[in-house]
Each structure stands twice: as structure tokens, then as C-alpha cells.
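Only one structure is covered here, and it is reproduced in the block below.
Positions are given from 1, in the same order as the sequence printed here. Not measured: the values here are computed from a predicted model.
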Amino acid sequence: MPEEPSTKRHFWQRAPKPSDPSDLTAPTPADIAALKAVVDEPQGAVAFSSLFRFSTPYEHFLNFIGVLCAIGAGAAQPCMSLMFGKLTQGFVVFGAAMTDGSSDFAAIQDEFLGVARQDAMYIAIIAAGMYVTTHIYMLIWTYTGELSAKRIRERYLQAVLRQDIAFFDTLGAGEVSTRIQSNTQLIQAGIGEKVPIVVTYLSSFVAGYIIAYVRSWRLALALTSILPCISISVGIVSYFVGNAMRTSQDAIAASGSLAEEVISTIRTTKAFGIQHILSGLYKAHVQVAYHAQMTNMISQSVLMWVFFFVLWSAYALSFYYGTTLVLDGIGDVGVIVNVFMAIVMGSFSLAQMAPEMQSIAAARTAATTLWATIDRVPSIDSLSPAGLKPQSCQGRITFSNVHFRYPSRPDVKILKGLSIEFQPGKTAALVGASGSGKSTIVSMVERFYDPIEGSVMLDGVDLRELNLQWLRSQIGLVSQEPTLFATTVKENIAYGLLGTPFENASDEEKFEMIKIAAIEANADSFIRTLPQGYDTNVGQAGLLMSGGQKQRIAIARASVSNPRILLLDEATSALDTQSEGVVQEALDKASRGRTTITIAHRLTTIKDASQIYVMDNGMVVEHGTHDQLVSFDGPYSRLVNAQKLREDTHHGGEEEVLLTGIETRTSATDDAESIASAKPEVDIRPSRELARSVTLRSIASATTNKDAKGNPDNTLAPDKNYSIWYLFYRMGKLAKEALPYYGVGTCFAMVTGMVYPVFGIVYGGAIMGFQGTGDALRSAGNYNALLFFIIAIVASICLGLQCLSFGKAAAVLTSKIRNSSFDSLMRQDISWYDEERHSTGVLTSSLSENPQKVNGLGGATLGAIVQSLTTLVGGAIVALCFGWKIALVGIACLPLTLMAGIVRLQVVVLKDRRNVIAYEESSKIACEVAGAIRTVASLTRERTACAEYSRSLEAPLRHSQRTSIFSTGLYAFSQAASFGTIALLFWYGSGLLATSGYSVKNFFITMMSVVFGSMTAGNVFALVPDVSLAHGGAASTVTLLDSEPSIVSDQGAQKLPKDVKGQLEFRGVHFRYPSRPKIPVLRGINLIVKPGESVAICGASGCGKSTMIQLAERFYDPLFGDVTIDGVSLRRLDLADYRNHLAIVSQEPTLYAGTIRFNILLGAIKDISEVTQEELEDACRNANILDFILSLPDGFETQVGNKGTALSGGQKQRIAIARALIRNPKVLLLDEATSALDSQSEKVVQEALDKASRGRTTIAIAHRLSTIQNCDRIYFMREGVVEESGTHDELLEKRGG
């Protein structure tokens, strides 16, 4: 037994926290500020003009033309009030003449008809002009807005990819995906048609006041008193709205980053049953956004209450003071109506402008974070053309007195005065404990970071003086955790040619180089067996490849360009020993003539290195050749001894024995690819127990039939045809607690909607009152003013409560959608995530976008629709009651407006549905490259990634441009149709008034009711984009919520007894991954793991090892056969209860953003609050991580960074082991659990695992025989079957696989 780490510190262990602070060379406050500057959040909002920074001069010119047209369209309404005033005066005079019975009535009648019809024609001309100008400005600004939004998306991704690696230590790929979708969508709304609509309202406001002051400055001045009230209230409310929106956006971005972490590591989430914990964290972010949204809604409700109270009070003031002016002989009813309507239209434009201004304010706020990233020029700029580009590169790398701290942990020093020189053309190896600084050296050679002090030089030139793209093109990097991109094998290897002279070579030349590199990396043989060979898609993050296959593709990618420098960070850790020998030989050959730096824990891979550096605590403790270091009897010698197997009595060898064909499997469909997909499924070997020609045919048929039947709801199909009414029903069912608020809001909206028909009645009486004189006119004026004031009180209160109710309901609904969608994602089984359409990027974007889209309709917009429909129906009823002939003409005009809006709705809906699919594809690309930034940077793939992203944006842009001509034309028609209706009603009404005895009062009541209804219908269809987006978002949400997993957590009612024994048995198990149903993975596996037995599974990549682990976790169900525990089928068990008895440690450890304590406690079965500090420390001690944690300044409260980026691979692995041990599992699953540890740490941890495995069932997958030699039984698998089994010594006796 080794000595207890707490009593003696070895070189591989972290030093305890020093009592002398100088030992850590504590940074100054200035140092910390500089290091943390990369994560500072920008504050405030950008200037409005800044939103157009990416527009071209031509687009600015087009926008200017659009603004001029918007000014003309906005001035149309006040100009129409001129004609309206003249017509009103004519109608009143003619009505008085009819009442007085004038002798010259015929002449008066002819003059009235001529003037009325001429003025009606003028209104029709204004309507035509409004159509033309509205169509032009909408078309122009829609076109330029989409172009600018495309550029912003491109520039943001480009800016993200140019940042130094320190920028990503605290920025998650999910946040990038969320901001590039949600923020850009907000910006597009703020720089598109919203801008000219605001200009239209401003023009209407200015023109209205100019006309009013020209016609009667006294009345206009009196009515202008409403402006200060409106301006002050808008200014105060805007401040609160802006702060609330920033808080909401930040919370949504944080939730997106968490969602990306969780979705990308869904297997760990499922295995430990921590969905509820992570869901709680997600819901905490959503709760912050909810409170911010409520603050926003309350502020807007107060604004609407103040605004409309002031506006409707102005009606009362105008009729009261107007009556006084008429009595004083200063004006007439025509002037009063003209001034009144001009002021009201101008002021009302301010109210209508509020939502559009809110969109622009949201765009300015959303642009703040994007602009800050776009404008951020990092000290290590991968896109900068500056720097030296030497003609040749020898490859001499020199570290001179290098000191370094990670920016995310500025109080922990990693390298302490390191000085090393790597000779050109030589191979150097770095060994040492996890966290000793080995990978940091590789990162600094790639110039992912710059030293705080000292310098790193290449051929005597400081790396900071070299062009970064040129530098990285001289380097081939293979990391411990290989990253592949969602494209073909050929494209993945070809990425290694970027930035080199071979980048522009012909396809034939490139493929020849790719094939040579694949052969050298021992990858060509398995690639040729894939379904499409080199053109086979590797899946998202290489999920369709095994761990060893991914690693070999990565090695081929690194060596394809024949770089001068080769960096191998555990490059062969995922290879079986035989393949490792072949690949190592190829790497040794490839290393000749180039500088190679290798990080390795397996000393067999570096014993031929020219120089080996042993590191501890950021310094080199010894160096030399393998033989020299062994003779020193120092730290390296102890490492060598730690890796030796027990002496083999049969062969007498002390070196590590080779186990043929062993390789790990770490990805989702781990073993599917190399099971001879190109081979026939019939196995003709006579030793096979099953008749493959019969059995496999039936399995294939069953799989095909199962796939054909499928579950149509088990997909996320945004184009599924749900009716709007069904979606309303589902949203209401989802958020039942919001229904009372919707009910109250609907009642207030209906009352508010009836204000306009009631106003028409009062208005008609008021106009009729001007036919009187003297006291009668005074009395009528006072009475009508009082009625308008009562309307102001009722309307403002109802409107404020309407906004508050719908806002509250929308906030509840949005939060419910976010939480339910996340919960639904947590409920899906693993096979659902294997589908390409359910990639991390797509799902993260959907979580962010869909609730926001539904919120666009579910809040104030829905209230406006209810209000408008009430006005439309109520106005029609009132009009029919007071003048059915005129009412029928007005109602007959409504279908034109309605049809235009309905057709536009269909056009926009279809366009948005197509764009959703296209933008999901672009989002997936952005999320993928941001999540693999180190690989992207090392391959100098920034420009090609941006180009690929740009191409993905072309399709929705082209389609939007094609459909915008038609849709904007329909919108323009719907806006101008109300003016045409007014012209027609005056023309027809004047005839009825002159010939049919209609009263002036009834005419104006009827006309105002119908006109307000027509204008309201036009306003409803201005909300078409909100309705369209909400329809798509709700449909996508419903599809997700209706997706039912085939493996349900509570599917089985049976729970395991507390005294579970832990006997696992595989009974005739056949299996194929649902995503690859034609490729058999397991072929009739029969295997028993007895209680408390320690079993190892070995075999080549793709043989089915990790599939066994995943079936044991019940990530999948067997196609045929069964998996049982203690004789009970896993299908009959409560899945959550069953997994509580299991713990898994995978090869690639998964940590979440948070503290070390938080990550370890995620493994606890009982409530986190019940776990004692002693239990926590025991788990860490057994995982050999306790001393390291205690040496950190913040101990267990140290932040691990996004996905654990603040820790080394070995440190992450040991924390993952501690997380598994703290749940005290009955069954322990180890998928290369110690592969990332240095040999000495591995020895200590392995002994701890051996001790921990006593009394519990253990299944281990491993390459190193030192980790499995003591297992009770070892199973060797080949092509989905167990080929041989026995103890370590028994298998050596057999001399088999």
C-alpha cells in the first residue's frame, strides 16, 4: 500500500497552500483586473446610429429614400384631416339648412354634393399616395434590414472566433448560439420596418401639429399641453424598461449557456439522475427573466394608463374650448374638427410609436453585447494580418523564464519561471502529475495564451512577433479529447490543410494527401469499411465514430500538411495497444525532421524521445533520455516502476504485455462504425453459435419494420401543420395559471375596444351640437366634453389593466414554456439526441427562441387583437343601428382589408417556417465551432467556418427577398384601405344626406364607427409578423412537448429492494443503434456479472464494449434479448430508482460550470444539504483529489469554468471519480476511468477503486492491463460477441486475442 498522501507529498501532488504568500507570487490588483477584463459585461445601450454600422452606402441611400416615403405616408393622415374638416363643416351647414328649410335649398344641395364629392376624391388620392409610399418604405427597409442582420450574424461569429482562448474560459457555446439568434433577431426587428414606421408616426405627429397651428393656433396651443405629460411619462418608463430588458436578456443568455452544457453532456445527466438539479438551475435563470419581464410589463402598463388618460382628456378639452372659440366667432366646426383630428392623430401616433420604439430600444440593448464582442480586439488576434511570416521554419522552441496564470484563475500560478528548449527535428516528451503544467506548455506553443513574464520563442523569434495564422499553420495538434466536426471524414482531415500552401490544391491532390495521412495514422482500413468510406458523415462532434476512430482521424488531420511542429497531448491514449504500436511507429517516422512535443502518461510511447522533461508544480524537476532518467532513480524512475505489470510467470517479462485489439469507446453510437459495415451480416465462421444467415435476417427485418412504424411524434418538426386555434388551446393547457389573467385581460380589452364605438356615438352628438347657437351651443359643448372626460377615465384604467393582465399572463406563459421545454428535453431518451436534427445547437436555439416568439403574441399583441376585434364588431353593430345603408357600404369594404391581411399572414407564415429550418442549420454551425474553439483555432479554421456559416444564411435571405415584395404590398394596401373607405363613405353619405333625409348625427356616428373598425382591422394585420413567429414557435414547442421517449423513467412500477445484490446479466442481447439500424453492434451477447464481482471488457474499437455499459445504464433497450439485475428485467424497473444504484466514470469527464463542491455533490443520491463535509472529503481522498482541492485558494468553492475548462484533464477525471464514489453505488461502471491520470496517480486511484469495488459489482473498460489485471474475470469481445473470457493469467495461457 502506498503512503497516505496526506502524510507525505510526492512530486506528482499539488503543494499545500503556502503560508508565505510570496510562494505563489500573488498577482497585483492590476494584474487581476487585466486578466479578468475578457469577461467584463458591457453596460448601457448603443447609439441608434450604431445599429447601422454594417450597412453599405447604397443601403443608406435606399434607407434615405424609404425615410422620405415614410414621411409622406405619415403626413397623409393629418392632410386627410383637412379634407375631413371641410366635409364636416359642409355637412353641418347643409344639416342646418335642412333644419331651417332654406328657400334656396336646391342650390345649396348641388353645392354641397359638388364640394363633398370633390373632397372625397382628394381623400381617395391621398389613399393612393399612402399605398405607394407605404409599399416603397416597407419593401426597402425590410430588404436592408435583412441584409444588415445577415452581416451582423457573420461579424459576430467572426469576432467570437477571433478571440483568444481566455475569452472562452467563461463563455459557453450555448451563450454564443443564443446571442447570435435571439439578439440578432431583436436587432433585425429594430433596424427593419420598425424604423420607417416610427418615422411615419413622427411625420404624422409633426404634420398634425403644423396643420393644427396653422388652422387655429389658440386651440392647438391649448391641446399641446398634453405633450409634456406624455414626454415625461415616456422618459421615466423607458429607463425602467431598458434596465429590465437588459436583465432579462442576460438571464436568458445564461440559461442558454447552461442548456448547451447539459444537452451536450446528456449521458452524464441521465446516468446520475441530476435532471432535477440542473432543471432547478435553469429555472432559476428563467425566474430572473420572469421578474425582469414583470417589471417591464408594469412600467408599460403605467405608461399606457397615463398616455391614454391624457390623450382622451384632450378630446374633452378640444370640444370644451372649441365651443368657446365658436361662440367668440374665432372658428367654426370645420376648423375645430380639423385641429382636433390633426392633434389627436399626431398625439395618437406617439402612442402607436411606443411599441416600435420599444423594439428599437430592445435592438440597441441587444446590440450592446454583440458590439462589445465585435469591437473587442484581443491581444492574441487570430485574424490579424500583422506579424512576421518567415520563409522557413526550423522548429526550435524556447521557453525562457516563463511565468503564467490562467485569466479565469488569476490567483493560481501555473508556470513558475519555466525554461525549456525543444531542439528542432527532435522529439521531446513531457510527463508529470495532472495540473503540473504540461498541457499549458502545449497551449502556449499554440499561442492560446501569452506568458505573464518571460517569453516563448520559435527559432529565436518571440511568438508575439509572428503572424498567428502562419504560426499555427506550422503546428499539428492532437489533443487528449479529439474534436471532429459534423461533416465527412474527408473534410475533417482536409481541415488540417487550412492555412498551408496545400489549401488551394486540387481535389485530387488533397485526397491523395488525406489518404496518405490516414494510412500513417492507421485509419485508412476502418475508414474504407464505413458505409460511404471517406465521404461518411462523422455526426455532431464525431458521435458516430468510436473514441479510437476519432483519435486516429484527428492524428491524420494533424499530420496531413506535414507540419514542422507536432504537438501530441495524449495523442494515442484512446488507441488499443496494437494500434498504438502501429500509430506510434508512424508518428515516430513522421516526427523525423520536425519538432515533436509529446504529453503522455504511458511511458512506452515516449521511451524513444530525445529528451524527457519531468514536471511538477509548474517547474521541471528532472530531464534526460529514458535510460538516463531510469538510472537517476528519481521521480521518472518511480513512474516507470508504477506502470510495470506484475511479473508474468509464464513469459518472465516485466514490460507491459500487449493486449491485441483493445480500444475504448466514448461516443454515443460507440461501436457501430467498425463492425464491418461493408461486410455481409452473415458470419460464416463455424464456431459461431447462432445461424447468422437466419437470425440476422430476422433482426434486420424487425429493425426495418420498427423503423418504418416509428413514432411520428418523436421528432422535433417545426413545419408540422398545427392550426392556430389548436396552438391556443395547447398554450392555455400548458399555462393554466395564466388563464385567469388572460380572462381578466380579455374583459378589459373588450371594454377598451368598445370605447371607439361609444366615442362615435358621442362624436356624432357633439357634431350635431354645433348646429345650435348661444346657450344651447354652450350647454351641448359642456355636456359632450364631460362625456369625453368620462371616456378618458374608463378607457385609460381599462387599457392599463389590460396591458398589465396580458403582460402578467405572457410572463407566466413564457416561463412555463422555457421550463416545460427544458423538462421535456431532460425526459427524452438518448436515441432521440442521436438524431442529427436534435443537435445541441438546434435545441439550445429553440429553447431561447420559441418562448420569445410566443411571447410576441401572448402579451400586449394578443390584447391588441382582442381590442381591435371588439372595435370591429362593436363598431359594425353601432353603425348598423344608426345608419344601416352607410354601414353596409362600410362593412362591404372591410373584406378588402381583411383579405389583404389574411393573404399577407399566409405569405409571412410560410416564409418564417422555411427560415426557422434554415436558421437552425446556421445556429448548429455557430454552436459547433464555438464549442470547439481550441480545435478551430489550432486548425486556423476561423475563416472557413465563417464562410460556411455565411453560406447557411443565404437561403433564408433569398426567400425573404422574394416574398417581401408581395407581403409588403399587401400591408400597404391594408393601411391605405381605411382612407379609401372614408372617401367612399363621404361620397355615398353625402348623396344619402342630400336625398334620403339622413341626419348629420346618424351619418357621423355610422361613419366614425365603421372608419374606426376599418382602421383597427389594418392595425391588426400590422401584427402579422408577431402572429407568424408565435405560430412557428408554439408549433415547435408543442412538437417538443409531445415527443414521448421510448424509455420512460417511471415506466416500470417496480423498485429494487434496499438490499440489492447487483447481479447484472445480458441474456442473448442483440442491438443496433437506432440512428444506424443496418449496422449490428451486439450479436447474441450472453454475459453474467455476479454480485460483488469485478469484470473487465476488452476488445477492438467497435466491438461493443461501451455499448454494454450504455445498455447497463439503460440508455438504450436491446433489440432482442434482455438485460437484468438480480433477475429482474430493466424494462420492469423504475429507471430513476435503478440508476441510483449505479455510478459511471467515462473516459471524457463531464463537469458543469460551478464550484468543485457542486460538481462532486451532483453524484450524491440523498439531498445535497444532507451530505456532510466528511463524506465529501472521503470521496475526494479516495479519488486522490483532496490535496489538490485543498491547495487551491478557494478550496471546494473553486469555479471549474465552463465544462471544467479551468482544470486539467486529470483533475477533471479525478473529480468525476469522486462524484461517482460519493453516491456509494452498488454497481460501478468504469469506461477508461483512469485513462487521463498520470501513472502514479493512476496507481493510487486504482487501488482506491479496487477497494471501492469490494462488495459491489464493477464493470471496467480499459486498455492498460495494469488497471484490469486484478479483475475477477476479463471478457474479450470481437465484432459484437464474446470471443474468450477468463482471468488475466488464464487468458495469457490461451494466447488468444
Side-chain angles (χ1 to χ4, degrees), residues 5-6 12-18 24 36 39 169-170 172 257-258 261-262 265 268-269 271-272 274 277-278 280-281 284 405-414 433-437 439-440 481 617 1143-1146 1148-1224 1233-1234 1236-1238 1241 1244-1245 1248 1252:
S6 60
W12 65 84
Q13 295 172 326
R14 288 277 187 175
K17 193 182 297 184
L24 282 178
K36 288 189 174 179
V39 298
D169 288 343
T170 55
S257 185
L258 173 64
E261 269 194 315
V262 175
T265 59
T268 300
T269 302
F272 284 93
I274 54 177
I277 297 177
L278 298 175
L281 293 177
R405 297 182 178 94
Y406 283 104
S408 59
R409 287 163 53 199
D411 45 359
V412 178
K413 199 164 190 180
I414 305 300
S434 298
S436 61
S439 294
T440 301
E481 299 174 7
N617 203 23
I1144 185 170
V1145 181
S1146 303
E1148 297 176 8
T1150 297
L1151 300 184
Y1152 300 94
T1155 64
I1156 292 176
R1157 179 188 301 275
F1158 167 75
N1159 274 278
I1160 296 175
L1161 290 179
L1162 285 177
I1165 296 176
K1166 55 186 177 182
D1167 191 88
I1168 290 178
S1169 61
E1170 298 177 4
V1171 179
T1172 65
Q1173 182 68 19
E1174 183 181 357
E1175 291 174 322
L1176 180 65
E1177 292 185 1
D1178 283 344
C1180 294
R1181 186 178 295 108
N1182 291 334
N1184 192 31
I1185 192 68
L1186 179 60
D1187 286 351
F1188 163 72
I1189 296 174
L1190 295 179
S1191 72
L1192 297 172
D1194 295 327
F1196 282 97
E1197 307 308 320
T1198 301
Q1199 294 288 330
V1200 303
N1202 184 267
K1203 295 183 180 178
T1205 53
L1207 303 176
S1208 71
Q1211 292 161 357
K1212 288 194 291 183
Q1213 189 66 288
R1214 283 181 282 169
I1215 289 176
I1217 293 171
R1219 179 176 60 194
L1221 295 179
I1222 201 170
R1223 66 197 284 120
N1224 191 25
T1234 60
L1237 302 180
D1238 60 86
S1241 295
V1244 176
V1245 172

Checklist entry - Near Gln1173 CD, under 6.0 Å, is it more than 12 heavy atoms from other residues, nucleotides or ligands? => result yes

Shortest non-hydrogen contact from [X] to [Y]?
X: Arg1219; Y: Thr1150; answer: NH1-O, 2.7 Å
X: Gly437; Y: Ile414; answer: CA-CG2, 4.2 Å
X: Arg1223; Y: Ile1165; answer: O-CD1, 3.4 Å
X: Gly1195; Y: Ile1156; answer: O-CD1, 4.0 Å
X: Gly1204; Y: Lys1212; answer: O-CD, 3.3 Å
X: Ile1217; Y: Ala1183; answer: CG2-CB, 3.8 Å

Nearest 0.5 Å please: distance from the [atom1] atom of [X] over to the [atom2] atom of [Y].
X: Glu1177; Y: Ile1160; atom1: CD; atom2: CD1; value: 10.0 Å
X: Leu1221; Y: Arg1214; atom1: CG; atom2: CZ; value: 13.5 Å
X: Leu281; Y: Ile274; atom1: CG; atom2: CD1; value: 9.5 Å
X: Arg1157; Y: Asn1159; atom1: CZ; atom2: CG; value: 12.0 Å
X: Ile1215; Y: Leu1207; atom1: CD1; atom2: CG; value: 5.0 Å

Checklist entry - Between Glu1197 (side chain) and Asp1194 (backbone), is there a donor-acceptor pair under 3.5 Å? => result no

Next on the checklist: Is there a side-chain contact (heavy atoms from CB on, under 4.5 Å) between Ile1222 and Leu1176? Walk through the geometry before answering.
Outcome noted: CA-CA 7 Å; Ile1222 201 170; Leu1176 180 65; 4.0 Å; yes

Next on the checklist: Working note: Tyr1152 + Thr268, criterion side chain to side chain donor-acceptor pair (under 3.5 Å); need CA distance, chi angles, decisive distance, verdict.
Outcome noted: CA-CA 10 Å; Tyr1152 300 94; Thr268 300; 5.0 Å; no

Next on the checklist: With heavy-atom distances below 4.5 Å as the criterion, would you say the side chains of Phe1196 and Leu1186 are in contact?
Outcome noted: yes

Next on the checklist: Between Thr440 and Tyr406, is the side-chain contact (heavy atoms from CB on, under 4.5 Å) condition met? List the steps.
Outcome noted: CA-CA 9 Å; Thr440 301; Tyr406 283 104; 2.7 Å; yes

